[in-house]
Enquirer: 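Could you have a look at this structure, given as structure tokens, before my questions?
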There are 4 protein chains.
Amino acid sequence: MQFDDKVPIYYQIKNYLYHEMLTGQLTPGAKLPAIRQLAVDLTVNVNTVQRALGEMITAGIVTSKRGKGNFVTTDTARLAQLKEQLTMEQLERAYEQLHALNLTDDEIIAGLKQYIAQRGQQHD
Amino acid sequence: MQFDDKVPIYYQIKNYLYHEMLTGQLTPGAKLPAIRQLAVDLTVNVNTVQRALGEMITAGIVTSKRGKGNFVTTDTARLAQLKEQLTMEQLERAYEQLHALNLTDDEIIAGLKQYIAQRGQQHD
Amino acid sequence: MQFDDKVPIYYQIKNYLYHEMLTGQLTPGAKLPAIRQLAVDLTVNVNTVQRALGEMITAGIVTSKRGKGNFVTTDTARLAQLKEQLTMEQLERAYEQLHALNLTDDEIIAGLKQYIAQRGQQHD
Amino acid sequence: MQFDDKVPIYYQIKNYLYHEMLTGQLTPGAKLPAIRQLAVDLTVNVNTVQRALGEMITAGIVTSKRGKGNFVTTDTARLAQLKEQLTMEQLERAYEQLHALNLTDDEIIAGLKQYIAQRGQQHD
DNA sequence: GTGGTCTAGACCACA
DNA sequence: GTGGTCTAGACCACA
């Protein structure tokens, strides 16, 4: 995995794991990979993974069972709420950034459509 | 100005100044505010502003004239290119993040439209 | 049984068993539940129970008879002393903690009375 | 400072600092000692102090200012709430522990009064 | 095997 | 000077 050096790594790991949950790679109740395994896979220190996990535990998305591992919450309402929240955050940030570049609302939507169309061509 | 504490401040200042240029607050050839003034306005240390400026100079967007101050480049093609580049970066990142949240292309566009509509209501 | 995850589980098990003895669930000379049974009841690993028992044996509160099991000491003076000691420890800690929160002696007593009164209402 | 080795050190540091705030050693808006200084004073690693601080920041009791230090919140309502919460937690735990030792409500109150009286003699 | 805590030490961003 | 992040490595509690 590639990390953006402008943002803390633990923060990116947290987002990465959230994405895994929201896209069904990690289903509710599923066991997360062992912390040490994640550290190896992401070529990152164990403590860094732990910090990401710690925040997810505090947020109620992950529960830790002593000696057994970390597990995705089975509270699907909580997961749905997380998805909603992350989506809104992304939309808000993207909109504000593009708006700041002096694009009108219509230009922003048009730009996005165009981007997706182009991308489609490249990836097909 | 509000700073996101997950991203280096100098980096956010750079973006802020780019935006000023692209939205016409700072026209080609215009003199940038004095570094010390910027530091005061942004309630930030002088060193931090200096770092942001340094990167803009390296990128050829700002030229520094000894004893006179810093100026926006008069190379309008360079500015247009910058806008294009920043726009694409934003679109790409937004798309990838939302895609990672398991939204389809259509859902992303619909979500953005909806976000803009909602926002319009709030701000009108 | 609920465990406080800030304190070692073996330590909490030890306290739990002491309480059983002091409240008469486990009388002097009584046989303790089998280690494996305790582990199941407390949903805890056998090793963890064993560790708690080990410390109680060292403290002279429990005696182990090979092949027969573990038994509460018949030394009632020892048990009385244990109760006295645990009570004082609790009082001391509670007092110090509340004192550290800037409560006066009178406020501490008043607070405790109030807490008990409230609790009585809830549980009646 | 003496640490109880049954509870995480960062946890005890957090409580220690909370107490400092509630007893007026650290007033609202006051600057906390530098992290490195705290680490030296408490003969503990910098990271351990930072972990305690991190939780206080998340809880909204402390705010961090880049390059300047950490400060007690000026939100006195938040501080009052914290005191209330910590007091209740202490009372609840003390009560339950003593209750578990087979003391009646009256015995608990009497025991506390007696403890305070004894203590008064010792300390006068 | 699995997570939790802590240390020593380094490097960076910011004032 | 002051805080934030990360690493390497150790030791412990628990299953």
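Atoms considered below: every heavy atom in the structure, side chains included; atoms not considered: hydrogens, waters and symmetry mates. Numbered from 1 within each chain, the chains take letters A, B, ... in sequence-line order. Since we're looking at a predicted model, the values are computed, not measured.
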Enquirer: How many Å lie between CG on Leu32(D) and P on dT2(F), as a whole number?
Expert: 13 Å
Enquirer: Provide the closest heavy-atom pair for Pro28(A) versus Leu79(A) in the form atom of the first, atom of the second, distance.
Expert: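 Scanning both residues completely, I find the closest heavy atoms to be CG-CD1, 3.8 Å.
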Enquirer: Starting from P on dG4(F), measure out to CG on Leu38(D) and report it in whole angstrom.
Expert: 13 Å
Enquirer: What is the distance, rounded to the nearest whole Å, between atom CG of Leu53(D) and atom C1' of dT5(F)?
Expert: 15 Å
Enquirer: To the nearest 0.5 Å, what is the distance between OG1 (Thr63(B)) and CE (Met56(B))?
Expert: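 With rounding to 0.5 Å, OG1 (Thr63(B)) is 11.0 Å from CE (Met56(B)).
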Enquirer: Less than 4.5 Å apart, any side-chain heavy atom of Phe3(A) and any of Ile13(A)?
Expert: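 Side chain of Phe3(A) against side chain of Ile13(A), heavy atoms only: contact under 4.5 Å found.
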Enquirer: Going through the distances and angles, do Gln81(C) and Gln85(C) end up as a side chain to side chain donor-acceptor pair (under 3.5 Å)?
Expert: CA-CA 6 Å; Gln81(C) 181 201 336; Gln85(C) 177 200 329; 4.8 Å; no
Enquirer: Can you give one letter per nucleotide of nucleotides 10-15 of chain F, 5' to 3': B if a protein heavy atom sits under 4.0 Å from the base, S if only from the sugar-phosphate, - if neither?
Expert: -B-SBB
Enquirer: Want to know the stems of DNA chain E: at least 3 consecutive Watson-Crick or G-U pairs with distances under 3.5 Å, which are they?
Expert: E:1-14 with F:1-14
Enquirer: Quick check on dG3(E): is either OP1 or OP2 less than 4.0 Å from any side-chain nitrogen or oxygen of Gln50(A)?
Expert: no
Enquirer: Taking all heavy atoms of Gly29(A) and all of Phe71(A), pick out the closest pair and write down the distance.
Expert: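 Scanning both residues, the minimum pair turns out to be O-CD2, 3.6 Å.
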Enquirer: Side chains of Leu32(D) and Met21(D): does their closest heavy-atom pair fall under 4.5 Å?
Expert: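 Yes. Closest side-chain heavy atoms under 4.5 Å.
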Enquirer: Report the distance from atom CZ of Phe3(B) to atom C1' of dG4(F), rounded to the nearest whole Å.
Expert: 17 Å
Enquirer: Nearest whole angstrom, please: distance from the P of dT2(E) to the CD1 of Ile57(A).
Expert: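 Distance, rounded to whole Å: 16 Å.
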Enquirer: Taking NZ in Lys6(D) as the centre, count heavy atoms belonging to other residues, nucleotides or ligands within less than 6.0 Å. Is the count above 12?
Expert: yes
Enquirer: If you measure from CG on Leu38(D) to OG1 on Thr48(D), what distance do you get to the nearest 0.5 Å?
Expert: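 It comes to 12.0 Å.
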